[in-house]
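Worksheet for the structure shown next.
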Amino acid sequence: MADKRDYYEVLGLQKGASADEIKKSYRSLARKYHPDLHPDDKDCAEKFKEVNEAYEVLSDPSKKERYDQFGHAGVDPNYGGGGFGGGAGGFNPFGDMGDIFDNLFGGSFGGFGGSRTSRANAPRRGQDIDIAVTISFMEACFGVKHEVKVNRLEKCTDCGGSGAASGSSPQTCPECNGVGQVKVGQRTPFGVISSQKTCPKCSGKGKIVTNPCTKCNGNGRVRTSKNLSIDIPAGIDNGQMLRVGGQGDAGINGGPNGNVNVNVHVKSHPIFERDEFDIHCEIPITYTQAVMGDELIVPTIDGDVKYSIGEGTQTGTVFRLRGKGVKKLQRSDRGDQYVKVVVEVPKNLDKNQKELLKAFEASLNEKNYEKKTSFFDKIKKMINK
């Protein structure tokens, strides 16, 4: 895991990037590498996973602070063989010298990495599983129950996870006596000093299976396909991730199961655009509607509503429909809908229509054009200065 790329580099950003910059870059890259756009492209799938992992850390202020200070070791307990701040192996900037000084100074060196007594055969959490689902715009607004298929490692039912065939059991490793570690000598500037390494005979398990289970071949876990029903909440946005706890790979040595991380892709909508929990749309209106005012039929995610515009409505005018946006996650209130009216200028007029339009224009005066009159007044003042 030492070759993991810098999260800022993954998102194409400099260290210290703002939350808005991180979010903008993530959305762009998530759309670019989404598996639905590149079926069977393993390279894009890996990049999509990498982008989501980077965003999960950098979008969380506390994780981002730890990452900025300690790098991957500050946010990944498995990075570099043990993570930061404790656990088996720990975060030790002195590498193998930590083992040496542990023996010299009674079990720990300078507080780095915590206790060295953790055993390789301790319970370990199962791996997480990453999947992607695609839902419609409306399903994201109102929530949906989505069925997915997950290929995961489950505890072998024949051997109960021990790896040993029925009627037998794993034997204590004679090399390490069940500890999972063995002492080895290291030549150093201080002389030959002993340290502990993972037992090569049992790979740190402390047990050896001499009569393996035929179903799992002694691994204690088997890969199976399972259908999961996932509740996607109302208000989920494109690129967000859901975590389904305990549905990932089975743990090792009695450790807990991993999780299933669901990356949600939301399809675009032909009319609506979304910004956080607000919805935006444009409605074309005729020249006559703009001049005289009218009652418009406005589409919303709840259905059509009526809205009256006044006389002289200008193109680009935006009005708000309160509470007609998307439900906010884990809350009862909703965003708003913003509707922009665009005056459509008529085209392909015949000769009679053009003459009527000219006559109508000739009947108007300055009081009918407030912005035009104001504009030319400003120009006159500039010239007369």
Output the rest of the hydrophobic cluster of Val341: all Ile, Leu, Val, Met, Phe, Trp and Tyr residues reachable through side-chain heavy-atom contacts under 4.5 Å, sorted by chain and number.
-> Ile283, Ile285, Leu296, Val298, Val305, Tyr307, Ile309, Phe319, Leu321, Val339, Val343
Taking atom [atom1] of [X] as the centre, does the number of heavy atoms from other residues, nucleotides or ligands within less than 6.0 Å exceed 12?
{"X": "Lys24", "atom1": "NZ", "result": "no"}
{"X": "Gln14", "atom1": "CD", "result": "no"}
{"X": "Lys201", "atom1": "NZ", "result": "no"}
{"X": "Met292", "atom1": "CE", "result": "no"}
{"X": "Glu344", "atom1": "CD", "result": "no"}
{"X": "Glu273", "atom1": "CD", "result": "no"}
{"X": "Lys155", "atom1": "NZ", "result": "no"}

With a 4.5 Å limit on heavy-atom distance, are the side chains of [X] and [Y] in contact?
{"X": "Asp128", "Y": "Arg125", "result": "yes"}
{"X": "Pro284", "Y": "Glu282", "result": "no"}
{"X": "Arg322", "Y": "Arg320", "result": "yes"}
{"X": "Glu311", "Y": "Val291", "result": "no"}
{"X": "Gln289", "Y": "Thr286", "result": "yes"}
{"X": "His265", "Y": "Asn238", "result": "yes"}
{"X": "Arg66", "Y": "Lys63", "result": "yes"}
{"X": "Glu139", "Y": "Ile232", "result": "no"}

Report the C-alpha separation of Cys216 and Cys159 in whole Å, then their side-chain angles, then the decisive distance to 0.1 Å, and conclude whether the side-chain contact (heavy atoms from CB on, under 4.5 Å) test is met.
-> CA-CA 8 Å; Cys216 66; Cys159 66; 3.7 Å; yes
Full working for side-chain contact (heavy atoms from CB on, under 4.5 Å) between Val148 and Asn227 | CA-CA 6 Å; Val148 298; Asn227 292 322; over 6 Å; no
[Y] versus [X], side-chain donor and acceptor atoms under 3.5 Å:
{"X": "Thr300", "Y": "Asp302", "answer": "no"}
{"X": "Thr157", "Y": "Lys215", "answer": "yes"}
{"X": "Asp68", "Y": "Tyr7", "answer": "no"}

Backbone N/O of [Y] and side chain of [X]: donor-acceptor pair under 3.5 Å:
{"X": "Asn217", "Y": "Asn219", "value": "no"}
{"X": "Glu21", "Y": "Ser18", "value": "yes"}
{"X": "Glu355", "Y": "Asn352", "value": "no"}
{"X": "Lys327", "Y": "Arg331", "value": "yes"}
{"X": "Ser28", "Y": "Ser25", "value": "no"}
{"X": "Asp278", "Y": "Gly335", "value": "no"}
{"X": "Ser168", "Y": "Ala164", "value": "no"}

Sidechain N-carboxylate O distance under 4.0 Å for Asp43, Lys47 | yes
Is there a path of hydrophobic side-chain contacts, each under 4.5 Å between heavy atoms, that joins [X] and [Y]?
{"X": "Tyr26", "Y": "Val75", "answer": "yes"}
{"X": "Val179", "Y": "Ile252", "answer": "no"}
{"X": "Val264", "Y": "Leu228", "answer": "yes"}
{"X": "Val222", "Y": "Val150", "answer": "no"}

Sorted by chain and residue number, the side-chain hydrogen bond (donor to acceptor under 3.5 Å, both in side chains) partners of Glu147 (sequence neighbours excluded) come out as Ser229
With rounding to the nearest 0.5 Å, note down the distance linking CD1 in Ile301 to CD1 in Ile271.
-> 12.5 Å
Asn263 and Val133: CA distance, side-chain angles, deciding distance, side-chain contact (heavy atoms from CB on, under 4.5 Å) verdict = CA-CA 6 Å; Asn263 295 300; Val133 299; over 6 Å; no
Can Asp60 and Lys64 be said to form a salt bridge (Lys or Arg N to Asp or Glu O under 4.0 Å), step by step?
-> CA-CA 6 Å; Asp60 185 312; Lys64 181 175 182 292; over 6 Å; no
Side-chain atoms of residues 239-251: list all donor-acceptor pairs with protein atoms under 3.5 Å, sequence neighbours left out, distances to 0.1 Å.
unit_1	atom_1	unit_2	atom_2	d
Gln240	OE1	Asp237	N	2.8
Arg243	NE	Asn261	OD1	3.1
Arg243	NH2	Glu56	OE2	2.4
Gln247	OE1	Arg152	NH1	2.7
Asp249	OD1	Leu153	N	2.8

Step-by-step side-chain contact (heavy atoms from CB on, under 4.5 Å) determination, Gln181 to Cys199 = CA-CA 5 Å; Gln181 295 178 325; Cys199 176; 5.9 Å; no
Sort and list the pairs that fulfil ring pair (Phe, Tyr, Trp, His ring centres under 6.0 Å) and have at least one residue in residues 336-357, not counting sequence neighbours.
-> His280-Tyr338
Hey, could you give me each pair passing ring pair (Phe, Tyr, Trp, His ring centres under 6.0 Å) that has a residue in residues 230-252? Not counting sequence neighbours.
-> none
For Ser332, check side-chain contact (heavy atoms from CB on, under 4.5 Å) against everything at least two apart and list the hits.
-> none
Verify the ring-centre separation between Phe48 and Tyr33: is it less than 6.0 angstrom?
-> no
